[in-house]
Engineer: 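Take a look at this one; I'll ask things after.
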Amino acid sequence: MDLALEFLSTFAQQLQKPTLAFLFGGMALAALGSRLEIPDAVYRFIVVLLMLKIGLGAGIAIREADPADMVLPALAAGVLGVGIVLLARVTLLLLPGVRPEDGLATAGLFGAVSASTLAAAMVMLEEYGMGFEAWAPALYPFMDIPALLLAIVLAQMARAKAAQRVAVPAGGPARPRPKAPRIGEILADSLRGSALSALVLGMVLGLVARPDPVFESFYEPLFRGLLSILMLVMGMEAWARLAELRRVAHVYAVYGVLAPLVHGAMGFGLGYLAHLATGFSAGGVVLLAVMAASSSDISGPPTLRAAIPQANPAAYVGASTSLGTPIALLSVPLWMALAEILFAL
Amino acid sequence: MDLALEFLSTFAQQLQKPTLAFLFGGMALAALGSRLEIPDAVYRFIVVLLMLKIGLGAGIAIREADPADMVLPALAAGVLGVGIVLLARVTLLLLPGVRPEDGLATAGLFGAVSASTLAAAMVMLEEYGMGFEAWAPALYPFMDIPALLLAIVLAQMARAKAAQRVAVPAGGPARPRPKAPRIGEILADSLRGSALSALVLGMVLGLVARPDPVFESFYEPLFRGLLSILMLVMGMEAWARLAELRRVAHVYAVYGVLAPLVHGAMGFGLGYLAHLATGFSAGGVVLLAVMAASSSDISGPPTLRAAIPQANPAAYVGASTSLGTPIALLSVPLWMALAEILFAL
Amino acid sequence: MDLALEFLSTFAQQLQKPTLAFLFGGMALAALGSRLEIPDAVYRFIVVLLMLKIGLGAGIAIREADPADMVLPALAAGVLGVGIVLLARVTLLLLPGVRPEDGLATAGLFGAVSASTLAAAMVMLEEYGMGFEAWAPALYPFMDIPALLLAIVLAQMARAKAAQRVAVPAGGPARPRPKAPRIGEILADSLRGSALSALVLGMVLGLVARPDPVFESFYEPLFRGLLSILMLVMGMEAWARLAELRRVAHVYAVYGVLAPLVHGAMGFGLGYLAHLATGFSAGGVVLLAVMAASSSDISGPPTLRAAIPQANPAAYVGASTSLGTPIALLSVPLWMALAEILFAL
Amino acid sequence: MTIPAIKLTIVVERLLKPPVERLLAEAGLSGWSVFPGGGRGTRGLHRAEAAQLVREFAIVKIEAVLTDRATAERLARTLTEEYLEDQPGIVWLEPVEVLRGAKF
Amino acid sequence: MTIPAIKLTIVVERLLKPPVERLLAEAGLSGWSVFPGGGRGTRGLHRAEAAQLVREFAIVKIEAVLTDRATAERLARTLTEEYLEDQPGIVWLEPVEVLRGAKF
Amino acid sequence: MTIPAIKLTIVVERLLKPPVERLLAEAGLSGWSVFPGGGRGTRGLHRAEAAQLVREFAIVKIEAVLTDRATAERLARTLTEEYLEDQPGIVWLEPVEVLRGAKF
Ligand SMILES: Nc1ncnc2c1ncn2[C@@H]1O[C@H](COP(=O)(O)O)[C@@H](O)[C@H]1O
Ligand SMILES: Nc1ncnc2c1ncn2[C@@H]1O[C@H](COP(=O)(O)O)[C@@H](O)[C@H]1O
Ligand SMILES: Nc1ncnc2c1ncn2[C@@H]1O[C@H](COP(=O)(O)O)[C@@H](O)[C@H]1O
Ligand code: NA
Ligand code: NA
Ligand code: NA
């Protein structure tokens with residue numbers, strides 16, 4: 001009873017937080033037809049700055065961290081990325097109206113990680129005063145990349161099987177079939193994307209240079225404010241994509257709502273195991289849950305579009321951006337409240 | 001004698017302030033043909049940030065304010081917006097060479113409010129240490145919207161009358177006459193504009209969420225600096241528009257110089273009455289005067305252009321941007337000096 | 001022995017500094033084919049902000065400085081700008097495969113000053129705690145402009161001579177020869193460029209207005225962070241231009257590597273003389289050396305391209321951007337270590 | 001091998017983008033492209049990329065490729081008569097060739 | 001006085017810019033120009049200038065002037081068949097005139 | 001119904017924008033439009049939108065529609081001879097149709 005009350009109060013308190021408020025604000029602006037626009041150049045710069053900041057912070061932290069502490073959480077992150085895609089394989093893909101390509105692309109995005117959701121969770125944890133290992137955000141690629149790669153490989157296999165089944169066409173010029181990109185290429189391409197490049201660059205600089213002064217005088221103070229702008233953009237985009245989502249099967253909307261909660265719970269569970277085993281912190285567990293709950297909205301979609309051109313972006317981008325990300329953002333207070341209770345026991 | 005001296009010294013001191021210096025700097029750059037450019041994407045982002053900041057600040061303040069205190073100033077703001085347009089109707093419009101559409105569009109702009117001038121006045125007041133109710137900037141739309149709407153309605157009425165007078169054309173295909181937009185549409189359209197959207201969003205977030213941390217760590221510290229850049233842009237644009245103004249009747253130049261002073265005095269007077277009645281602060285009176293003195297330069301022009309397409313923008317945009325705004329900015333120290341003296345009595 | 005050790009340790013320490021780390025980071029990103037991009041609008045705004053900051057700081061400092069102290073360093077700066085071009089005239093231009101136009105344009109760029117290198121040196125000095133006269137960065141135009149002008153005049157003279165030598169063409173329509181721009185025009189054009197305009201505007205505002213509050217609350221705190229982004233861009237561009245440089249004679253690559261060191265030593269020497277004569281500070285001497293070592297990468301190239309259209313930008317821009325600037329940036333710790341030792345004697 | 005088509009190009013201030021797009025959509029066009037820019041005309045200078053106080057006065061170019069020449073001409077005429085008498089902008093038509101008629 | 005040439009215009013998402021440029025380079029083209037923009041088509045709206053989460057889904061226009069009509073047609077066909085069945089974008093050809101044939 | 005006209009397209013580095021615009025103004029043109037972009041040519045890559053150290057080396061496209069073909073050809077020739085031998089850029093002409101001859 002007491003627990004439930006505490007849970008509800010923590011949760012309600014978090015909903016008032018500016019980060020979520022800006023998200024709702026963006027949705028409201030889009031819904032009301034406001035002409036307010038964040039210029040694209042500014043948005044892209046904000047993403048680079050946020051990713052650099054997360055990377056720098058993690059890199060600086062790793063300098064002092066015990067690498068042994070990171071092994072289990074990193075493993076958990078990888079297991080989550082792979083597990084989320086496999087789970088979709090045996091649930092989402094069996095539903096009626098779901099083409100394998102579309103279902104796998106959707107699963108890949110939801111297995112991957114949203115940088116903006118991660119950043120928002122970091123700010124919420126800091127505001128609330130719930131500590132986390134400063135290197136925890138560096139778990140990002142350990143979940144993101146395996147999920148995307150696995151989804152792409154499964155899609156290529158599904159396609160190859162389908163091609164075998166189709167008999168040789170009775171004649172006429174065969175349409176040139178662009179050959180499937182190889183895993184190495186996809187991996188390299190994914191790491192070359194803007195967001196991941198900035199994250200990795202930040203981590204390397206944090207590790208080998210001494211960027212602490214510029215980190216503290218610039219990246220750290222701007223983080224929260226730039227995130228508020230990013231949330232505005234996410235909110236506007238979420239609303240705009242809802243229309244697209246309406247054009248595809250209902251399953252994607254259902255998946256977009258439920259998957260973040262299921263995946264987040266999986267992330268929380270594995271994180272809690274890591275806590276029991278190696279003392280992974282409460283905030284770290286929340287961040288792992290948030291990464292699992294979130295779906296990639298900036299860097300995942302182009303990777304999937306390039307690698308699975310047959311998949312319909314209205315389905316996977318729609319499910320992720322218009323529902324997955326807002327729900328994942330809203331779920332952050334949930335994991336925090338859960339951690340608050342479990343770690344106090 | 002003493003009063004005059006005090007007045008002059010306050011005034012002279014303010015002229016040295018960086019905000020005005022950046023305005024003059026921008027004019028000098030344009031006059032000397034510098035190729036320095038503030039990128040459009042950055043300028044638009046600065047406007048959004050400044051408006052969000054003003055809105056957030058006002059929203060946070062309203063949370064704790066007594067709504068009763070705001071009634072009289074809001075009423076004064078509305079009276080000023082309407083009064084400025086009506087005043088122009090019986091002065092500017094009767095002058096030779098002034099077409100009704102042009103005159104009314106000009107009056108509408110000068111009745112409306114310049115966000116940048118308001119922001120500059122806030123910084124000058126803060127630097128000088130003259131306090132104001134933190135919700136005072138929220139008076140903006142109460143003056144801005146009535147002025148624009150009234151000007152548009154009067155222009156539509158003038159046009160309808162003129163159309164009646166013209167006899168039915170003797171034949172030939174009548175040029176399709178786009179129907180006049182309705183007031184509700186114009187109001188909605190005006191609120192959907194980028195600047196007003198950001199202001200209202202900020203106010204709502206300030207009221208219902210708790211954006212205080214991000215306000216203090218990001219919006220507040222950047223305010224002054226971003227304003228200096230905005231002043232640079234205003235200065236460059238003021239100079240560039242002077243050339244256009246030269247192509248229209250001299251009356252617009254005269255109006256552009258005198259109107260800010262007359263309107264500012266009207267605003268100061270009404271504000272002072274509100275002070276006597278409900279204790280409206282010295283800084284609040286100055287802000288009301290500044291809003292009245294200022295003319296809309298970012299969001300008013302497109303509203304008027306869309307609603308009164310027959311009006312010549314060289315006249316109204318020229319008068320407002322190249323003369324109205326600089327004069328209004330220069331008049332800020334005037335109202336401050338006046339308040340300094342009157343409130344010390 | 002001790003000296004050498006001290007030198008190496010100061011040097012090694014500086015190489016770890018974030019400013020240089022971001023430069024290398026940018027190179028690595030480009031080399032690895034990352035798609036990370038800093039939007040052009042943001043980059044241009046950063047340059048304006050950095051130049052305004054340098055100008056404001058210098059202007060504020062000049063307000064309180066003794067003009068007499070500045071005469072000798074300003075003279076040294078001018079001598080360096082002219083000397084570097086003349087030195088190239090009797091070395092680089094005599095080498096095989098070097099067309100006079102190309103050689104002179106290259107010399108002009110290396111005589112001119114890189115704003116970003118200067119900014120980076122300022123941050124490195126501040127981090128290290130080596131003081132400099134706050135007006136020292138204002139020496140920039142005293143070196144930059146004479147170098148560019150002299151290079152252009154020499155190129156025009158070389159061209160006029162060549163034209164005389166060529167006999168009147170035997171007939172056929174002569175190709176219209178655009179007349180050479182006059183020195184006054186080039187000077188004005190150079191001052192109208194974005195970077196120099198911002199620097200001069202900042203200096204004037206720093207001198208005549210009181211921009212100290214906005215300087216301290218905005219320009220100063222953002223300086224270091226924005227510089228880190230600029231370094232990223234410089235690194236990416238340096239790598240990208242290497243390919244171009246490979247297409248021109250090897251001499252340019254050799255010049256691009258050696259010139260910064262030779263010029264920096266010249267600057268250090270003259271600066272040290274100014275120290276002996278009028279007590280120019282250690283940090284001031286380092287800044288003078290850095291200006292001499294650096295080559296203009298933002299504002300010099302378009303000035304030269306416009307004034308010497310026959311020169312091949314692949315040679316001079318390549319030599320400057322891909323080698324000159326990185327080497328000059330890497331040489332900053334060198335001059336610092338040298339000053340550390342010489343001034344401690 | 002290729003199919004003749006027509007390209008309608010409309011250069012107007014951003015303020016007119018929504019009504020122009022409404023017009024194109026009502027005429028049944030399947031698509032168009034939009035490019036931000038600047039320009040100079042009888043009503044003065046429109047800067048490209050540099051800050052301009054009023055974003056709605058910036059220039060955009062709208063390009064629509066369609067196969068029905070009559071529609072293109074009708075749209076050009078409507079735009080000229082309804083908007084471009086009072087407001088800045090120009091319209092022109094160009095013959096082009098496309099591969100897939102069905103797309104347009 | 002002028003030489004007839006042909007302009008190939010390709011409007012695609014930025015994601016396809018690298019493969020399209022590779023194709024143009026392989027076909028031996030000496031140059032092309034690229035312009036960022038937006039648009040509306042059968043697959044929905046592509047905003048221009050405003051923030052869009054995924055930059056790779058923004059619209060770019062690639063224009064290449066070349067003198068060899070056959071190459072232009074072949075490129076248009078390859079692009080349409082290999083990329084534009086599944087992915088957003090259109091291609092068109094226009095007759096133009098140039099001064100220096102050697103440049104192209 | 002429509003009037004034949006000609007469109008002059010000039011793709012140059014931003015550095016050349018002022019002299020080109022001067023030339024167009026001197027030739028009596030009533031207007032032109034400008035679009036920022038990038039490109040690839042014999043003198044290497046010009047990035048669009050991404051930071052480039054020297055803004056003046058970015059690519060712009062200038063489009064002018066005019067009714068006098070001779071003027072367009074003369075401008076194309078002048079530009080080619082005076083600027084585009086040494087400096088990056090290309091020029092081409094296209095036949096177009098306009099509605100109001102007086103506007104051009
Ligand atoms: N002849 C022309 N060729 C190309 N664009 C033009 C032309 N005339 C006008 N424009 C464009 O249309 C805008 C408005 O022109 P105007 O209505 O003449 O002021 C200009 O800023 C240009 O962008
Ligand atoms: N008819 C058209 N004319 C000009 N551009 C078009 C046309 N159709 C499509 N586009 C462009 O191609 C993009 C993709 O179109 P679609 O493949 O139809 O979704 C749109 O966003 C437009 O930029
Ligand atoms: N064949 C072409 N078609 C379209 N644009 C071109 C072409 N050749 C060159 N350009 C443009 O002109 C610029 C300079 O080309 P270049 O002078 O060949 O280096 C390139 O960056 C392109 O923007
Ligand atoms: Na996930
Ligand atoms: Na007003
Ligand atoms: Na130098």
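Residue numbers start from 1 in every chain, and the chains themselves are labelled A, B, ... in the order their sequence lines are given, proteins ahead of strands.
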Engineer: Tell me, with the steps shown, if Trp92(E) and Glu94(D) meet side-chain contact (heavy atoms from CB on, under 4.5 Å).
Structural biologist: CA-CA 12 Å; Trp92(E) 69 81; Glu94(D) 287 172 76; over 6 Å; no
Engineer: Side chain from CB out, backbone as N, CA, C, O: work out which of these in Val91(E) comes under 4.5 Å of a heavy atom of chain D, or both, or neither.
Structural biologist: backbone
Engineer: Flag the pair Glu49(E) and Arg14(D) as a salt bridge only when some basic side-chain nitrogen lies within less than 4.0 angstrom of an acidic carboxylate oxygen.
Structural biologist: yes
Engineer: Write out, in numerical order, the residues from residues 21-43 of chain E with a heavy atom short of 4.5 Å from a heavy atom in chain D.
Structural biologist: Phe35(E), Pro36(E), Gly37(E), Gly38(E), Gly39(E), Arg40(E), Gly41(E), Thr42(E), Arg43(E)
Engineer: Rounded to the nearest 0.5 Å, what's the gap from CG on Leu99(D) to CD1 on Ile90(E)? Could you check?
Structural biologist: 10.5 Å
